[in-house]
Amino acid sequence: MTFAVPDSVRPVREAVHAFITERVEPAEPVLHRGGPEAAAVLGELREQARKEGLWALGHPRELGGGGLPFLDYVYVNEVQGRSEYGQLALGTYTLQDSLMLHEHASPEQRERYLEPLVRGDISPSFAMTEPAVSSSDPTQLATTAVLDGDEWVINGHKWFTTGASRAAYTTVMCRTEPDAPPHLAFSMILVPTDTPGYTIVRETPVLGLDGAHCEVRYEDVRVPAANLLGPRGQGFVIAQKRLGPGRIFHCMRWLGQAQRAFDLMCRRLHERRAFGEPLAAKQLMRQHVFDSYTEIQSARLLTLQAAEAIDARSQARVEIGAIKVVGARMLHNVIDRAIQVYGAAGLTPDTPLDRMYRHARAGRVYDGPDEVHVDSVGRRILGVYAAGGTWEFGLR
């Protein structure tokens with residue numbers, strides 16, 4: 001393993017870096033505003049990405065994607081992640097759902113949902129979290145689906161269904177086996193968002209940012225029995241296969257965000273003067289650079305290690321849990337220091353830092369709060385010792 005980008009990946013990584021920094025980042029003010037102008041700009045960016053061979057690079061080639069190996073995709077995704085719109089512009093926003101469908105969907109589901117997802121013709125959404133249930137214990141999820149003849153009837157209340165307002169369908173985690181053990185009681189069902197009884201209550205702002213995080217009620221929602229994704233009772237298995245790589249994708253993008261904040265901070269230290277000299281000459285300011293450098297490098301190595309483990313077809317639960325916590329904390333800290341260097345300007349929309357900061361704080365909650373991952377990693381490592389083994393870092 002090396003920090004350096006392999007020569008085989010460097011050309012595409014450089015092309016993505018140029019696309020993000022020269023076209024996507026300058027378009028962010030328009031994209032933030034939303035509306036028809038933003039949609040037109042995003043559509044043009046997506047068309048450019050297709051023409052330049054940068055579309056859906058992480059999707060399997062047999063699905064029409066770029067077919068990048070998982071570990072290679074890390075190096076590309078960390079520069080794509082510089083902008084929150086990178087994955088939308090480059091067609092990788094659907095990757096988690098595409099991989100899930102690729103493994104579990106029926107032929108009919110593949111034709112209706114998977115192929116249009118990879119082309120970018122439709123968007124997905126995923127419903128697991130519920131407002132009345134602690135997300136750290138998903139065995140308590142209350143949304144139910146009952147088979148009535150050849151239809152599933154779904155009732156429940158979900159929220160933080162990201163992208164539901166623009167999605168063609170939602171993959172819904174439902175309790176379908178009430179008498180089964182908790183981890184075998186749930187199934188995944190595909191629900192078109194125009195189905196009667198599927199009602200978006202609101203789009204919930206997160207720390208003041210509108211991100212299409214939707215609260216949705218399911219009231220006698222009826223879909224065909226064939227909309228079951230994978231076997232009955234395997235909802236947890238499917239969810240874990242989706243969320244594991246998804247957490248790595250988050251960490252990859254966080255590295256890009258951290259790099260952008262680090263760049264802004266270091267340039268500001270040279271540009272801004274105080275008490276007769278650049279801020280870069282101040283010892284306490286150099287401390288910000290040192291701390292950010294070490295945290296980014298540490299998180300980057302952990303991310304590469306986790307991706308390497310997944311590439312080797314390991315579940316990598318310790319590695320994924322660790323980087324989810326370390327990566328989110330690193331991102332928050334680096335952006336926080338950059339804001340401190342900018343002073344009052346860092347609190348305004350004059351730089352991207354205020355928006356990045358709010359996104360970063362959310363990272364310590366979604367896809368499992370820090371506390372759950374910390375506990376899980378500690379428990380798994382201690383389990384190795386309880387079985388008489390050791391956690392030998394040089395061999396893992």
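With no hydrogens or angles considered, a side-chain donor-acceptor pair links Tyr85 and His32 at under 3.5 Å.
Applying the 6.0 Å contact sphere to CD of Gln340 captures no more than 12 heavy atoms from other residues, nucleotides or ligands. The number of heavy atoms from other shown groups lying within 6.0 Å of CZ (Arg166) is above 12. No more than 12 heavy atoms of other residues, nucleotides or ligands sit less than 6.0 Å from atom CZ of Arg272.
With rounding to the nearest 0.5 angstrom, the OG1 atom of Thr195 is 12.5 Å from the CZ atom of Arg222.
In terms of modelled atom types and a separation under 3.5 Å, the side chain of Ser125 and the main chain of Tyr169 share a donor-acceptor contact. Judged by distance alone, with hydrogens and angles left aside, the side-chain atoms of Lys324 form no donor-acceptor pair with the main-chain N or O of Pro369 at under 3.5 Å. Listed for the Glu78 side chain is no donor-acceptor partner under 3.5 Å among the backbone atoms of Gly256. Remark: the backbone N or O of Leu353 is not paired with any side-chain donor or acceptor of Arg358 at under 3.5 angstrom. Ser292 contributes no side-chain N or O that, together with a main-chain N or O of Val289, makes up a donor-acceptor pair within less than 3.5 Å.
Summarising the hydrophobic clusters (Ile, Leu, Val, Met, Phe, Trp, Tyr; side-chain heavy atoms under 4.5 Å, direct or chained), the residues clustered with Tyr385 are Val318, Val377, Ile381, Val384, Trp391, Phe393.
For the pair Arg13 and Asp72, the salt-bridge criterion is not met [side-chain N within less than 4.0 Å of a carboxylate O]. Salt bridge annotation for Arg355-Glu28: absent, with no cationic side-chain nitrogen under 4.0 angstrom from a carboxylate oxygen.
Between His157 and Glu215, some side-chain heavy-atom pair lies under the 4.5 Å cut-off. Annotation: side chain of Asn77 is in contact with side chain of Arg253 (closest heavy-atom distance under 4.5 Å). Between Thr144 and Ile154, every side-chain heavy-atom pair lies at or beyond the 4.5 Å cut-off.
For His332, the side chain to side chain donor-acceptor pair (under 3.5 Å) partners are Tyr357, not counting sequence neighbours. Considering only residues two or more places apart in sequence or on other chains, Thr171 meets the side chain to side chain donor-acceptor pair (under 3.5 Å) condition with none of them.
A distance of 6.0 Å or more separates the ring centres of His213 and Tyr366.
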